[in-house]
**Student:** 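Shown below is the structure under consideration.
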Amino acid sequence: MNEYLEKIITSSLEQFELEETPEIHLEAPKVESHGDASTNIAMMLAKPLRNNPRAIAQQLVDGMEYDEAKISSVEIAGPGFINFRFAEDYLFDELDSIIKAGEEYGKTDAQKGKKVQIEFVSANPTGPLTVGHGRNAVLGDTVARLMEWTGAEVDREYYFNNAGRQMRVLGQSVQARYLEILGKDHEFPEGGYEGEYIRDIAQELVDEKGEELADADWTPFKEKAEKAIFADIDGTLKRMKIHMDNHFNEHSLYENGDIDSVVQRLRDKGLVYEADGATWFKTTEFGKEKDTVLIKSTGEPTYRLPDIAYHSNKLDRGYDLCIDVFGADHIATYPDVLSGISALGYNKEKVDVIIYQFVTIVKDGQPFKMSTRKANFVTLDELMDEVGADVTRFFFLMRSPNTHLEFDIAQAKEAGEKNPVFYLQYAHARIHSILRKAEEEYSFSGDVKLNLLKEDAESSLIKTLFKFPGAIQSAADAREPHRLINFLNDVASAFTTFYHDCRIIGVDEELAQARIELAKVTAQVLNNGLKILGITAPERM
RNA sequence: GCGCCCAUAGCUCAACUGGAUAGAGCAAUUGCCUUCUAAGCAAUAGGUUUCAGGUUCGAGUCCUGAUGGGCGUACCA
């Protein structure tokens with residue numbers, strides 16, 4: 001429809017003989033009396049044409065030729081908006097095409113042929129996933145689903161590091177607990193991991209190996225811990241309906257020489273130098289105040305180096321777009337990565353970073369700081385035990401990524417009745433309940449007469465359903481899943497109004513048939529939308 | 001000190017990227033179940049969009065400054 005409107009506006013614009021055609025911006029007005037679609041083009045042209053916007057709008061409208069089967073009226077309103085109203089026949093035609101699209105409705109080919117990689121979660125195996133990781137995981141997965149619905153081919157990747165100081169401390173922590181269980185001398189490492197899960201892992205080792213490891217160093221403990229924790233993380237992700245296509249070990253970048261190669265390539269470009277025993281990257285060339293250390297004087301790389309190597313590795317794999325999902329604490333690190341890859345000759349536009357703000361945990365009415373190491377955290381599994389996977393996913397998605405998310409545990413736990421996710425599921429279940437009942441009451445023959453749907457609540461619902469592909473598109477482009485939630489709320493709300501104003505069972509057969517069709521389409525849209533969010537659409541509640 | 005993010009109803013958040021009368025959900029008040037699910041609906045109340053300027057036909061949205069909060073700013077990851 002928008003394409004059609006653009007066409008008729010463009011052809012009417014020709015009368016002004018403009019040097020360049022301005023971009024035509026169309027939008028759906030908030031207020032019903034402003035029509036179904038609206039453009040501000042006349043106001044945009046007021047300045048270049050040195051004329052009153054209403055006068056321009058009038059000329060545009062006069063010069064417009066349109067199909068009355070699609071558009072029933074064109075009006076000028078306010079300071080110079082041109083408002084279009086869709087013809088009823090058009091609504092029914094479109095509705096019919098939604099019915100035909102079925103579970104494919106909402107998909108577009110806007111990103112057709114694009115290979116997209118999205119890296120998220122990427123927690124190192126030092127402990128179970130917490131509520132903090134949850135936002136990352138759900139955000140990444142849902143953006144991936146959104147991209148898929150706009151036609152892209154998406155790979156989900158988990159990047160991890162199972163070497164380094166963190167992992168050594170982890171191994172030593174397990175070792176200490178192991179010795180403790182055996183009643184032997186042990187020393188808990190400084191800054192060690194205090195969580196109960198460490199004890200569990202140690203206990204497993206005791207059960208499996210007895211005292212066999214009493215004199216071992218921390219290595220077998222680290223290996224056991226890594227395995228156990230990854231298994232735990234995988235289980236949590238699975239519960240959240242998240243599936244990774246790839247796991248990428250940072251260490252492989254050292255083994256395949258990518259790390260050395262990156263340093264060498266940067267050095268060849270004169271962007272790397274040695275000073276104070278360390279190897280530096282000239283980030284000042286990219287507008288930063290200070291240069292950045294790539295390799296410490298101890299010979300160990302800083303995290304930036306493997307990050308740059310990893311991103312160049314991704315781009316070498318032929319992705320058109322690589323999306324990273326980072327918490328706000330990484331906000332300062334990715335500019336270095338972008339500088340690095342553009343220095344290496346890659347197009348940094350191909351890397352896109354979603355930064356989400358932190359989750360503030362509110363427990364017993366008090367916010368508290370979480371720390372994996374100190375073990376005062378709420379795990380995702382615990383959360384899902386309390387409220388279920390649907391509510392958990394929904395909660396993380398309902399807010400814009402760049403605002404803080406207040407996660408009140410108590411509220412989430414008692415959310416059963418008042419949680420907004422139920423509003424959507426309830427609308428869906430309610431429709432199915434009607435459909436079940438209708439099946440007993442009616443047996444239809446003959447074609448559906450959609451043009452019987454003339455009530456306000458009916459056309460308003462139909463128009464809302466039309467916005468689904470646009471809502472997906474907008475959520476995908478902005479990487480903001482909450483936009484889809486807002487849309488689905490509109491659908492559920494429009495359906496509920498329809499449900500109250502228009503009876504389905506009990507009216508005459510042709511009308512009932514048409515209304516059932518509308519209800520079915522609504523259920524389909526809710527179902528498709530919830531599928532993108534990774535939330536179930538129950539048929540009974 | 002510097003950089004990024006944020007400030008909207010009592011609370012938690014929207015506002016289609018500059019549009020028309022700033023919207024939902026909780027919480028409050030009041031109605032509505034002998035008819036398809038009341039996990040719902042309708043109505044009332046609640047706002048100088050933190051403050052001060054600026055840009056323009058038009059600003060919650062953009063620019064400058066101030067205030068308040070979050071996160072960074074390491075040869076930590």
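We use all heavy atoms of the structure for the numbers below, so side chains are in, but hydrogens, waters and symmetry mates are not. This one's a predicted model, so the numbers in the text were calculated from it and none came from an experiment. Here is how names work: the chains are called A, B, and so on, in the same order as the sequence lines, proteins then strands, and each is numbered from 1.
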**Student:** Does the gap between the ring centers of A:Phe230 and A:Phe160 come in under 6.0 Å?
**Tutor:** yes
**Student:** Side chain of A:Ile331: nearest nucleotide among B:G3, B:A20, B:A77?
**Tutor:** B:G3
**Student:** For A:Lys30, which contact category applies under a 4.0 Å heavy-atom criterion: base, sugar-phosphate, or nothing?
**Tutor:** base
**Student:** Is B:C71 syn or anti, taking syn as a glycosidic angle within 90° of 0?
**Tutor:** anti
**Student:** Round to the nearest Å and state the distance from A:Asp307 atom CG to B:A77 atom P.
**Tutor:** 11 Å
**Student:** Enumerate the protein-to-nucleotides 41-43 of chain B contacts in which both atoms are nitrogen or oxygen and the separation is below 3.5 Å.
**Tutor:**
{"residue": "B:C41", "atom": "OP1", "partner": "A:Tyr423", "partner atom": "OH", "Å": "2.9"}
{"residue": "B:C41", "atom": "O4'", "partner": "A:His500", "partner atom": "NE2", "Å": "3.3"}

**Student:** Quantified in whole Å, what is the C1' atom distance between nucleotide B:G60 and nucleotide B:C75?
**Tutor:** 45 Å
**Student:** A:Met541 has a side chain; which of B:U37, B:G72, B:G19 sits nearest to it?
**Tutor:** B:U37
**Student:** I'd like to know if A:Arg267 and A:Glu274 make a salt bridge, using a cut-off of under 4.0 Å between side-chain N and carboxylate O.
**Tutor:** yes
**Student:** Within the structure, does a side-chain N or O atom of A:Lys290 lie under 4.0 Å from either OP1 or OP2 of B:A74?
**Tutor:** yes
**Student:** Strictly by salt bridge (charged side-chain N to carboxylate O under 4.0 Å, His left out), give each pair with a member in residues 119-140 of chain A just once, sequence neighbours left out.
**Tutor:** A:Glu119-A:Lys314
**Student:** Give me each pair satisfying salt bridge (charged side-chain N to carboxylate O under 4.0 Å, His left out) with a member in residues 514-524 of chain A, each pair once, sequence neighbours excluded.
**Tutor:** A:Glu458-A:Arg515
**Student:** With a non-hydrogen cut-off below 4.0 angstrom, is A:Ala438 in contact with a base, only sugar-phosphate, or nothing?
**Tutor:** nothing
**Student:** Would you mind classifying the nucleic acid contact of A:Asn83 as base, sugar-phosphate or nothing, using non-hydrogen atoms under 4.0 angstrom?
**Tutor:** base
**Student:** For A:Thr333 and A:Phe81, take the nucleotide of RNA chain B holding the closest heavy atom to each; which residue's nucleotide lies nearer the 5' end?
**Tutor:** A:Phe81
**Student:** Please write out each protein N/O paired with an N/O of nucleotides 6-12 of chain B under 3.5 Å, distance rounded to 0.1 Å.
**Tutor:**
{"residue": "B:C6", "atom": "OP1", "partner": "A:Asn402", "partner atom": "ND2", "Å": "3.2"}
{"residue": "B:U12", "atom": "O2'", "partner": "A:Arg399", "partner atom": "NH1", "Å": "2.7"}
{"residue": "B:U12", "atom": "O2'", "partner": "A:Arg399", "partner atom": "NH2", "Å": "2.7"}

**Student:** Remember a base hit wins even if backbone is also touched, and classify A:Asn489 as base, sugar-phosphate or nothing at under 4.0 Å, heavy atoms.
**Tutor:** nothing
**Student:** Could you tell me the separation between the OH atom of A:Tyr426 and the P atom of B:G40, rounded to a whole number of Å?
**Tutor:** 7 Å
**Student:** Could I get a table of every N or O pair under 3.5 Å where one atom is in the protein and the other is in nucleotides 61-63 of chain B?
**Tutor:**
none

**Student:** Can you confirm if the aromatic rings of A:Phe248 and A:Tyr310 lie within a centre distance of less than 6.0 Å?
**Tutor:** yes
**Student:** Please produce a list of atom pairs where a protein N or O lies less than 3.5 Å from an N or O of nucleotides 54-58 of chain B.
**Tutor:**
none

**Student:** Is there a donor and acceptor pair closer than 3.5 Å between the side chain of A:Tyr303 and the base of B:A77?
**Tutor:** yes
**Student:** Would you check if A:Tyr273 and A:Asp291 make a side-chain contact, meaning some heavy-atom pair closer than 4.5 Å?
**Tutor:** yes
**Student:** Without decimals, in angstroms, what is the distance between A:Asp501 CG and B:C32 P?
**Tutor:** 19 Å
**Student:** Taking syn as any angle within 90 degrees of 0 and anti as the rest, which one fits B:U55?
**Tutor:** anti
**Student:** What residues form a salt bridge (Lys or Arg N to Asp or Glu O under 4.0 Å) with A:Asp501, not counting sequence neighbours?
**Tutor:** none
**Student:** Which pairs count as salt bridge (charged side-chain N to carboxylate O under 4.0 Å, His left out) when at least one residue sits in residues 467-477 of chain A, sequence neighbours excluded?
**Tutor:** none
**Student:** With the criterion being N/O to N/O and under 3.5 Å, what pairs connect the protein with nucleotides 48-50 of chain B, and how long is each?
**Tutor:**
none

**Student:** Where the side chain of A:Lys296 is concerned, which of B:A14, B:C76, B:U37 is the nearest nucleotide?
**Tutor:** B:C76
**Student:** Classify A:Ala427 by what it touches in the nucleic acid, base, sugar-phosphate, or nothing, heavy-atom distance under 4.0 Å.
**Tutor:** nothing
**Student:** State the dot-bracket string of RNA chain B. Criteria: Watson-Crick or G-U wobble, both atom distances under 3.5 angstrom; notation: ( ) intrastrand, [ ] crossing earlier pairs, | interstrand, . unpaired.
**Tutor:** (((((((..((((.....[...)))).(((((.......))))).....(((((..]....))))))))))))....
**Student:** Between residues 469-482 of chain A and RNA chain B, which residues have a heavy-atom gap below 4.0 Å?
**Tutor:** A:Ala478, A:His482
**Student:** Counting only heavy atoms not in A:Glu441 (residues, nucleotides, ligands), do more than 12 fall under 6.0 Å from its CD?
**Tutor:** yes
**Student:** Rounded to whole Å, please give me the gap between OH in A:Tyr499 and P in B:A39.
**Tutor:** 10 Å
**Student:** Of A:Ile505, A:Leu511, A:Ile504, which is the lone residue that meets side-chain contact (heavy atoms from CB on, under 4.5 Å) with A:Val507?
**Tutor:** A:Leu511
**Student:** Taking side-chain hydrogen bond (donor to acceptor under 3.5 Å, both in side chains) as the test, write out the residues that go with A:Asn402, two or more places apart.
**Tutor:** A:Ser400
**Student:** In terms of side-chain heavy atoms of A:Thr302, which of B:U37, B:U17, B:C75 is nearest?
**Tutor:** B:C75
